[in-house]
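Below: one structure, written as structure tokens.
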Amino acid sequence: MSSETTGASYAAAGVDIEAGDRAVELMKEWVKKTKRPEVLGGLGGFAGLFDASALKRYERPLLASATDGVGTKVDLARKMGVYDTIGHDLVGMVVDDLVVCGAEPLFMTDYICVGKVHPERVAAIVKGIAEGCVLAGCALVGGETAEHPGLLGPDDFDVAGAGTGVVEYDQLLGADRIREGDAVIAMASSGLHSNGYSLVRHVVFDRAKMTLDQHVEEFGRTLGEELLEPTKIYSLDCLALTRTAEVHGFSHITGGGLANNLARVIPDHLHATVDRSTWTPGAVFDLVGTAGNVERLELEKTLNMGVGMMAIVPEVSVDVALQTLADRGVDAWVAGEILARGDHRDGAELTGDYSK
């Protein structure tokens, strides 16, 4: 019988429902590890359920929401065949946006788009997301895996996520709390995190002609292993900081770089200065800059340069803030201060030269 007379089917169009069901079964054990007491039901329903009565302990609860992806870092995961770390990046990008306003991340949902469902591969991606949620203290209450044959290649995929958090109204952090004389505390990144990979990939592959399996002495591992280093998740560290010290604001250093992200939380009448000499960016930032002949300002507006999160605290809280972060294993230091805006046109700037 010719294909023209054979009845069409979803499977013939490239969508494998049974593979999708198998992927759900494989991921269930990982999702269970993220369950908070407020989560009702399990994986497989049409919607995730979260018991909002838990918010009754708040006087005036504000819900915060954020959504993000991990950009072209997924291409490196695909090329390396490593799928269980990219989820850490996704969670970090979402929950650490939530915590900037002081919100505790409550739950996340994910969206995984693939050209072809490989159940074990999808389960590995969800495993990474679940592990990230555990590190962030939030639940993974549901998600969607979509198969897009003809639009994506059989090994192509992308991930996105959305999260919800809660903060008490009178504890909301933001520009209105920040004062002249406040200190800016930097928290070290684990590497590139999940921003600027279009530039990084262009430099290392197109210009430097490097390969993912190439050992790089400065990294002590292969290029691929360095580039896939998961994003550090700061949410629980930041929340701990708000309990032990007076905190006026946070800034999550993502796309746009350190100065631009810090400026987003600085009020119009103030200005933040960050002294480059207080830290040494990791070797990966030097490699990208050198191999691509990338100007420093271009690097700084694209990459985090070794700082993944910043906290703004009054001077009297600096010591306890640094001690809290040290006790939690977070490498942190005083990197700058808040000044009157004066003649400064921008909300934040980097000064000096990086420490060698």
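Side chains included, hydrogens not; waters and symmetry mates left out as well; all remaining heavy atoms used.
For the pair Glu168 (side chain) and Arg60 (backbone), a donor-acceptor distance under 3.5 Å is present. Using a distance-only test at 3.5 Å, with no hydrogens or angles considered, no donor-acceptor pair links the side chain of Arg341 to the main chain of His269. Without hydrogens or angle criteria, Tyr197 side chain to Val70 main chain gives no donor-acceptor distance under 3.5 Å. Of the possible polar contacts, none joining the Thr302 side chain to the Gly196 backbone as a donor-acceptor pair under 3.5 Å is found. Formation of a donor-acceptor pair under 3.5 Å by the Asn304 side chain with backbone atoms of Gly306 is found in this model. At distances below 3.5 Å, not a single donor-acceptor pair connects side-chain atoms of Asp110 with backbone N or O atoms of Gly161. Looking at Thr278, its side chain does come within 3.5 Å of a backbone N or O of Asp275 through a donor-acceptor pair. Remark: side-chain polar atoms of His118 are paired, donor with acceptor, to backbone N or O of Pro154 under 3.5 angstrom. For the pair Asp96 (side chain) and Ser235 (backbone), a donor-acceptor distance under 3.5 Å is present. Checked by atom type and distance alone, the side chain of Asp182 never pairs as donor or acceptor with a backbone atom of Ile178 at under 3.5 Å.
Under the 4.0 Å criterion applied to side-chain N and carboxylate O atoms, Glu226 and Arg221 are assigned as salt-bridge partners. Arg276 has no carboxylate O lying under 4.0 Å from a charged side-chain N of Asp353, or vice versa, which leaves the two without a salt bridge. Comment: Lys73 engages Asp89 in a salt bridge, judged by a side-chain N to carboxylate O separation of less than 4.0 angstrom. The pair Asp156-Arg78 meets the salt-bridge criterion, since a charged nitrogen lies less than 4.0 angstrom from a carboxylate oxygen.
Lys209 forms no cation-pi arrangement with Phe205, by the criterion of a distance under 6.0 Å to the ring centre and an angle within 45° of the ring axis. In this structure, Lys116 forms no cation-pi arrangement with Phe157, as its terminal cationic atom is not both closer than 6.0 Å to the ring centre and no more than 45° off the ring axis.
How far CG of Asp68 is from OG1 of Thr254: 7.0 Å, rounded to the nearest 0.5 Å. Distance CG/Leu98 to NE2/His252: 10.5 Å, rounded to 0.5 Å.
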Could you walk me through whether Glu59 and Tyr169 pass the side-chain contact (heavy atoms from CB on, under 4.5 Å) test, one step at a time?
CA-CA 8 Å; Glu59 291 292 327; Tyr169 175 79; over 6 Å; no
Show your working on side-chain contact (heavy atoms from CB on, under 4.5 Å) between Val307 and Trp333 and close with a plain yes or no.
CA-CA 10 Å; Val307 177; Trp333 63 96; 3.9 Å; yes
Run the side-chain contact (heavy atoms from CB on, under 4.5 Å) test on Cys238 and Met187 for me, step by step, so that the C-alpha distance in whole Å, both residues' side-chain angles and the decisive distance to 0.1 Å come before the verdict.
CA-CA 10 Å; Cys238 291; Met187 302 180 214; 4.1 Å; yes
Might you work through the side-chain contact (heavy atoms from CB on, under 4.5 Å) test for Glu300 and Leu297, ending with a clear yes or no?
CA-CA 5 Å; Glu300 291 176 341; Leu297 291 179; 3.6 Å; yes
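Taking the six-membered ring for Trp and thresholds of 30 and 60 degrees, Tyr354 and Trp279 have ring planes more than 60 degrees apart, a perpendicular arrangement.
Within the 4.5 Å cutoff, side-chain heavy atoms of Val200 are placed close to those of Leu192. Using a 4.5 Å heavy-atom threshold, the side chains of Ile112 and Glu144 count as separate. Here the side chains of Met210 and Leu287 are in contact, with some heavy-atom distance below 4.5 Å. Residues Met310 and Leu258 meet the side-chain proximity criterion, which asks for heavy atoms closer than 4.5 Å. Between Ile312 and Val247, every side-chain heavy-atom pair lies at or beyond the 4.5 Å cut-off.
Annotation for Arg264: atom CZ does not count as buried by contact number, only 12 or fewer foreign heavy atoms lying within 6.0 Å. Shown here is Asp176, whose CG atom has more than 12 heavy atoms of other residues, nucleotides or ligands within 6.0 Å.
Cluster membership check: Val274 shares its hydrophobic cluster with Val100, using side-chain heavy-atom separations under 4.5 Å among Ile, Leu, Val, Met, Phe, Trp and Tyr. In terms of hydrophobic clustering, with Ile, Leu, Val, Met, Phe, Trp and Tyr side chains grouped at heavy-atom distances under 4.5 Å, Leu236 and Val167 are assigned to different clusters. Hydrophobic cluster membership differs between Met93 and Tyr83, with clusters built from Ile, Leu, Val, Met, Phe, Trp and Tyr side chains linked at under 4.5 angstrom. Cluster membership for Leu239 and Leu172, using ILVMFWY side-chain heavy atoms within less than 4.5 angstrom, is not shared.
For the residue pair Thr244 / Thr324, a side-chain donor-acceptor distance below 3.5 Å is found, with atom types taken as modelled. A donor and an acceptor atom, one from each side chain of His248 and Glu246, are located under 3.5 Å apart. With hydrogens and angles left out, the side-chain atoms of Ser65 and Thr164 include no donor and acceptor closer than 3.5 Å. Side-chain atoms of Asp319 and Gln323 include no donor-acceptor pair closer than 3.5 Å.
Glu315 and Ala183 get closest at one heavy-atom pair: OE1-CB, 4.0 Å. For the residue pair Ala272 and Ile266, the shortest heavy atom distance occurs at CB-CD1, 4.0 Å.
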